[in-house]
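Note that ligands are numbered from 1 as they come in the structure, with each ligand's atoms numbered from 1 the same way. Residue numbers run from 1 in the order of the sequence given. A quick note: this is a predicted structure, and the numbers were derived from the prediction, not measured.
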Amino acid sequence: MSKVQETVLEIDLNALTHNFEYLKSKLNSKTKFLAVVKAFAYGSDSIEIAKHLQNLNVDYFAVAYTHEGVVLRDAGITTPILVLHPQEVNFTTIIEHCLEPSLYSPRILNAFIKIANEKKQKNYPVHIKFNTGLNRLGFKQSDIDFIISKLKSTTAIIAKSLFSHLAASEDENEKEFTLKQIKDFKKIADDFETEIAYKPWLHLSNTSGVINYPEAHLDMVRCGIGLYGFGNSAKENQNLKPIAALKSVISQIHQIEKGETVGYNRAYIADNFEKTATIPIGHADGISRQFGNEKGFIFINGQKAPIIGNVCMDMIMANVTNIDCKEGDEVVIFDGKHKASNLAASSNTISYEILTAISKRVKRVIFK
Ligand SMILES: *Cc1c(COP(=O)(O)O)cnc(C)c1O
């Protein structure tokens, strides 16, 4: 890839294909694949990612919020789209755009049935979410009778799937808890199926569930982070390719004397005669202030340079005293080699947060 001349997020669709095929290779041939493309496909570009995965015959998509699904429909995506976290106010839009809601509480189930009836729907597909220990969204096991009675009372909706979400599938130390979640979910599914004349699909696993718990693959898996190149462990990261590279350029180099300061609040004080590089990317682009004051780092000509002083809205400054570099040189914030997961670790966060923080202001460049 040629050197960049401004701040860009490069997205490599070949890496996406690789990750998709790798994750699929872990599955039984009957298990369906849902690609999670919420939050602009983890900060990349949800339309480009969804189009590419649709061409690869992915079975399903999921987004978090309704308007994320509308964007995909407006872009011509025809694959089914599960909306993981809709609100009552979204239900008309959901039906108008053939989006499929996750229904996670009695209040939300009642509200959706009401709107589906008003809109004269027949067997509108919905996905019933159970809470098995994350305590975030979902029905309780003891709600099954209520759900069944509601489903039996209407022809407007049909439970296309039952699902739940693992709380710690990436954590070896929480294996016992995860196995209990899997067992509880299977029990919920059994109880549900004895009460209803059809068989909803079952799904439970996110990326780490796919990797660590083959017994939890069930009818479908829901992968997000793995598609984007991260597997929540050093071992799995080797099998996946980060699809996104965040790059920029050196706008200006300053030579400063011992005792001079850099940036707002004069947060950095030079110890010696030093050389600094100013780079056009800041907290408004997704480089959190947490990365300031030498916690975070960037790479210039393959060499690591700490971010010094406070991160500004539109700029960072790096100490490049010992780096052979000049104005206009390319800067790598993260790429396939200098991984976002390493930058995340420097500041007590995770790859998910780094990727999804990259703001819309950063130009996306797609490589096919
Ligand atoms: C975000 C999300 C996923 C994807 O998780 P990854 O760890 O990124 O694979 C799956 N299911 C639900 C319910 C989610 O919210």
Side-chain angles (χ1 to χ4, degrees), residues 16 19-20 22-24 26-27 31-44 46 49-50 53 58-66 68-69 72 80-87 99-105 108 126-139 160-172 174 178 181-182 185 188 201-214 216-233 236-237 239-244 339-341 344 349-357:
L16 178 63
N19 298 333
F20 177 65
Y22 175 74
L23 292 165
K24 267 181 56 145
K26 301 252 169 200
L27 307 176
T31 301
K32 288 179 260 302
F33 195 107
L34 177 152
V36 180
V37 293
K38 63 191 178 192
F40 300 101
Y42 289 48
S44 59
S46 61
I49 298 295
L53 290 169
V58 73
D59 298 289
Y60 248 83
F61 288 116
V63 292
Y65 306 143
T66 302
E68 298 181 297
L72 296 180
I81 301 172
L82 163 58
V83 180
L84 292 165
H85 198 168
Q87 304 294 339
L99 304 171
E100 301 178 10
S102 156
L103 301 180
Y104 49 85
S105 69
I108 286 291
V126 303
H127 303 264
I128 308 288
K129 171 96 182 256
F130 285 94
N131 172 22
T132 53
L134 185 58
N135 288 317
R136 195 172 70 170
L137 283 184
F139 285 102
K160 179 94 177 268
S161 81
L162 310 181
F163 74 112
S164 186
H165 195 35
L166 298 172
S169 55
E170 74 286 2
D171 190 345
E172 281 272 327
E174 294 292 356
T178 305
Q181 277 197 283
I182 296 169
F185 180 64
I188 287 168
W201 298 354
L202 307 178
H203 48 109
L204 180 60
S205 292
N206 63 345
T207 299
S208 294
V210 167
I211 291 165
N212 297 331
Y213 296 94
H217 291 177
L218 308 174
D219 297 311
M220 183 159 78
V221 297
R222 303 186 307 270
C223 288
I225 199 76
L227 287 171
Y228 309 106
F230 296 90
N232 293 326
S233 75
E236 283 303 329
N237 282 350
N239 297 319
L240 296 162
K241 296 183 182 168
I243 71 157
K339 296 200 174 185
S341 44
T349 183
I350 54 177
S351 55
Y352 295 72
E353 189 181 13
I354 304 248
L355 297 175
T356 58

List of N/O pairs, ligand 1 versus protein, all under 3.5 Å?
residue: ligand 1; atom: 7 (O); partner: N206; partner atom: ND2; Å: 3.2
residue: ligand 1; atom: 7 (O); partner: Y352; partner atom: OH; Å: 2.7
residue: ligand 1; atom: 8 (O); partner: Y42; partner atom: OH; Å: 2.5
residue: ligand 1; atom: 8 (O); partner: I225; partner atom: N; Å: 2.8
residue: ligand 1; atom: 9 (O); partner: T207; partner atom: N; Å: 2.9
residue: ligand 1; atom: 9 (O); partner: T207; partner atom: OG1; Å: 2.6
residue: ligand 1; atom: 9 (O); partner: G224; partner atom: N; Å: 2.9
residue: ligand 1; atom: 11 (N); partner: R222; partner atom: NE; Å: 2.9
residue: ligand 1; atom: 11 (N); partner: R222; partner atom: NH2; Å: 3.4
residue: ligand 1; atom: 15 (O); partner: K38; partner atom: NZ; Å: 2.7
residue: ligand 1; atom: 15 (O); partner: R136; partner atom: NH2; Å: 3.4

Practice problem: Say whether, by atom type as modelled, one donor and one acceptor occur between the side chain of Q181 and the main chain of A167 under 3.5 angstrom. | Solution: yes
Quiz item: Atom CD1 in I354, atom OG1 in T349: separation rounded to 0.5 Å?
Solution: 6.0 Å
Exercise. With rounding to the nearest 0.5 Å, note down the distance linking CG in D219 to OG1 in T31.
Key: 7.0 Å
Quiz item: Is the centre of the Y352 ring less than 6.0 Å from the centre of the F230 ring?
Solution: no
Quiz item: Does the separation of the ring centres of Y60 and H127 fall below 6.0 angstrom?
Solution: yes
Practice problem: In sequence, state the C-alpha distance, the side-chain angles, and the governing distance for S169 and N206, and then conclude on side chain to side chain donor-acceptor pair (under 3.5 Å). | Solution: CA-CA 8 Å; S169 55; N206 63 345; 2.8 Å; yes
